[in-house]
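Structure record follows, encoded as structure tokens.
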Amino acid sequence: MASSGNGGAQGFPPCDADEHGSVMPEIARRLRHIRRHHPEGPFTLVELARLTSVSKRTLAAAESAEGTNLTIETLVKLTRGLGIRRWAYFLDEQVFQQVNAELRDGGPAARRAAHAAEPLGTLATLLGGILATTRPGHPSST
């Protein structure tokens, strides 16, 4: 599913959410994709849990059709463990597509180079935009 067009607050990227405002199904879809198509994968849930320090139970719930409410800490662990340097990978369709193209083109070398990750301020900016769109009275929250 492409970005739903929920434009963020001024200067913030749009939020990928379904018609009910939930991003969990999109995170679930992206997690299933990277687990199956990572250049060093595919990974079993056990392997992914070991690689990311996220429990198998949490990963299974996150991959379910409806997804689960993951913490920011868990999303950061997932991206770091998978060697993805862009924190918005699970939250933004455009970033998801760009990173997948980079991983396809660079393979395992792309993962090793990923230790030069985006600053966490980028994540804070993205999350601020998502939160702004969910506030009552915001045009995209209705």
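Positions are given from 1, in the same order as the sequence printed here.
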Under 4.0 Å between a side-chain nitrogen and a carboxylate oxygen: does that hold for Glu26 and Arg29?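 Looking at Glu26 and Arg29, the cut-off is met.
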
Check step by step if side chain to side chain contact (heavy atoms under 4.5 Å, CB included) holds for Glu63 and Leu45. CA-CA 10 Å; Glu63 280 193 359; Leu45 286 175; 4.0 Å; yes

Same cluster or not: Met24 versus Trp87, using hydrophobic residues (I, L, V, M, F, W, Y) connected whenever any side-chain heavy atoms lie under 4.5 Å apart?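 Different clusters.
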
What is the minimum heavy-atom distance between [X] and [Y], and which atoms define it?
{"X": "Pro39", "Y": "Leu103", "answer": "CG-O, 3.6 Å"}
{"X": "Ser55", "Y": "Ala49", "answer": "C-CB, 4.1 Å"}
{"X": "Ala28", "Y": "Ser64", "answer": "CB-O, 3.4 Å"}

Side chain to side chain contact (heavy atoms under 4.5 Å, CB included) assessment of Thr79 paired with Arg85: CA-CA 7 Å; Thr79 56; Arg85 62 180 179 80; over 6 Å; no

Do Leu48 and Thr44 pass the side chain to side chain contact (heavy atoms under 4.5 Å, CB included) test, and can you show the C-alpha distance, the side-chain angles, and the key distance before you say yes or no? CA-CA 6 Å; Leu48 187 59; Thr44 65; over 6 Å; no

Cation-pi check for Phe43 against Arg35: NZ or CZ below 6.0 Å from the six-membered ring centre and within 45 degrees of the axis, yes or no?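 No, Arg35 does not lie over the aromatic ring of Phe43.
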
Check whether any side-chain N or O of Asn100 sits under 3.5 Å from a backbone N or O of Phe96 as a donor-acceptor pair, and report yes or no.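 Between the backbone of Phe96 and the side chain of Asn100 there is a qualifying donor-acceptor contact (under 3.5 Å).
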
Can any side-chain N or O of His37 pair as donor or acceptor with the backbone N or O of Pro42 at less than 3.5 Å?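 Checked: no pair found.
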
Just by distance, no angles: are the side chains of Gln97 and Glu93 close enough, under 3.5 Å, to form a donor-acceptor pair?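 Looking only at side-chain atoms, Glu93 and Gln97 do form a donor-acceptor pair, the distance falling under 3.5 Å.
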
Do Val99 and Ile34 pass the side chain to side chain contact (heavy atoms under 4.5 Å, CB included) test, and can you show the C-alpha distance, the side-chain angles, and the key distance before you say yes or no? CA-CA 10 Å; Val99 169; Ile34 193 64; over 6 Å; no

How long is the gap from [atom1] on [X] to [atom2] on [Y], to the nearest 0.5 Å?
{"X": "Leu75", "Y": "Arg30", "atom1": "CG", "atom2": "CZ", "result": "11.0 Å"}
{"X": "Lys77", "Y": "Leu51", "atom1": "NZ", "atom2": "CG", "result": "12.5 Å"}
{"X": "Leu70", "Y": "Leu78", "atom1": "CG", "atom2": "CG", "result": "7.0 Å"}
{"X": "Gln98", "Y": "Glu102", "atom1": "CD", "atom2": "CD", "result": "7.0 Å"}
{"X": "Ile27", "Y": "Thr74", "atom1": "CD1", "atom2": "OG1", "result": "10.5 Å"}

Just wondering, are more than 12 heavy atoms of other shown residues or ligands nearer than 6.0 Å to CZ in Arg57?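 Atom CZ in Arg57 is not crowded, with 12 or fewer foreign heavy atoms closer than 6.0 Å.
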
